[in-house]
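This report refers to the structure that appears directly beneath it.
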Amino acid sequence: MFRCPACRATLPWGATDHQCPVCTGPLDFGLAGVAFPRAAISTRTGGMWRYTEALPVFSRPVTLGEAFTPLVPCTLGGREVLLKWEPALPTGSYKDRGSAVLVSYLASLGVVEAVEDSSGNAGASLAAYAARAGIRLKVFCPASASPGKLLQIRLYGAELVQVEGPRPLATAALRGYLGESGVVYASHLWHPLFIEGVKTMAFEIAEQLGWRAPAAVVMPVGAGSILLGLHQGFAELLAAGVIDRLPALVAVQAASVSPLFAAFARGDTEVSPAAAPRPTLAEGIALPAPVRGRALLAALHASGGSAIAVSEEEIAAGVRHFGRAGFAVEPTSAVVWAGVEHLLAGGAVRGPGPVVAVISGHGLKAVPAIAQLLN
Ligand SMILES: [Zn+2]
């Protein structure tokens with residue numbers, strides 16, 4: 001069920017390893033016999049769990065009532081683009097898709113304690129689902145993370161450990177604790193079942209478009225779980241004969257921390273750590289060294305997609321533009337505003353269907369940062 005793409009080691013269902021025990025690389029997960037019985041699906045409650053033939057089966061899934069998130073038209077770059085409005089999920093970010101599947105798995109195994117490191121949103125999301133499942137969670141975050149996200153973690157009853165310095169130091173602190181404690185690392189960066197949950201975003205987009213693929217999907221990318229989830233989801237729809245091509249997957253990074261953009265521009269097959277990361281408004285994607293760099297590049301190439309980097313000024317402008325269009329988006333999500341403009345200006349959208357832009361998190365999570373942009 002779990003497989004290492006580097007050394008081909010396999011782990012059975014029930015394993016709690018977050019990485020390959022042989023070569024320490026990230027693991028993949030694959031389900032056999034994925035299917036999309038459209039007539040049956042149409043009779044079910046909206047939301048990610050309606051795709052039951054394409055998800056791991058749990059006797060008691062851990063759910064907080066995940067909504068079928070809307071696709072809302074909005075004018076970006078002079079064209080109508082559909083916003084995939086993920087703030088409609090229970091904790092206000094797309095991470096709930098991954099947390100729902102990962103925590104359902106851990107709960108099914110009887111796990112009672114876990115740890116996670118996060119720039120904020122994944123920690124808040126896992127904290128909510130862990131609370132629902134009765135799992136004790138400890139979350140390591142940068143002390144500089146948005147107060148709203150840190151507050152959510154505490155509100156849901158998780159133990160918050162604030163780590164001074166840039167994002168990688170929170171991971172380093174977690175690694176130290178992990179070595180001593182031996183508890184399960186419920187990592188949204190490493191665990192393949194997190195991506196397994198995020199892939200349901202692709203299923204929803206396809207179903208909302210009448211079981212067709214859009215021309216392109218534009219998304220913020222740091223660790224890249226949206227990119228990998230969408231790639232896996234659309235690839236499964238393609239393999240099942242539901243759609244006839246993959247949409248172009250377009251990764252948008254903050255120029256201040258843009259290792260994937262740099263690797264794609266150079267034509268590399270692996271992502272090297274960002275040479276000189278700088279502070280960015282887009283805290284949720286300020287990750288200088290993504291865990292699954294090779295897979296991120298492969299997803300861009302396989303889908304005919306691309307990578308775009310946007311400036312801090314463009315991110316700030318994106319927050320304001322979205323606000324005036326009626327959408328409160330966090331700065332991390334606002335990268336897609338300029339990302340779509342660059343994409344359309346380059347004339348790179350091929351194929352029929354709309355352009356979809358993923359709004360990953362709600363603006364109310366980042367109130368102090370947005371307040372500064374309005375002054
Ligand atoms: Zn391996």
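The residues of the chain are indexed from 1 along the displayed sequence. Read the numbers this way: they start at 1 and go in the same order the structure lists the ligands and their atoms. All values derive from a computational prediction rather than experimental measurement.
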Open item on the list: Checking the side chain of R50 only, and the main-chain atoms of T45 only, is there a donor and an acceptor separated by less than 3.5 Å?
Closed with: yes
Open item on the list: Could you check whether atom CZ of R60 has more than 12 heavy atoms from other residues, nucleotides or ligands sitting under 6.0 Å from it?
Closed with: no
- [ ] Indicate whether the side chain of Y51 and that of E207 have a donor and an acceptor atom separated by less than 3.5 Å.
- [x] yes
Open item on the list: Just by distance, no angles: are the side chains of S256 and T280 close enough, under 3.5 Å, to form a donor-acceptor pair?
Closed with: no
Task: Carboxylate-amine/guanidinium contact E312 R278, below 4.0 Å - done: no
Task: Pairs satisfying side chain to side chain donor-acceptor pair (under 3.5 Å), at least one member in residues 135-146, at least two apart - done: E113-R136, K138-E159, S146-E283
Task: Under-2.8 Å protein N/O/S neighbours of the Zn ion (ligand 1), ordered by chain then residue number - done: C4 SG, C7 SG, C20 SG, C23 SG
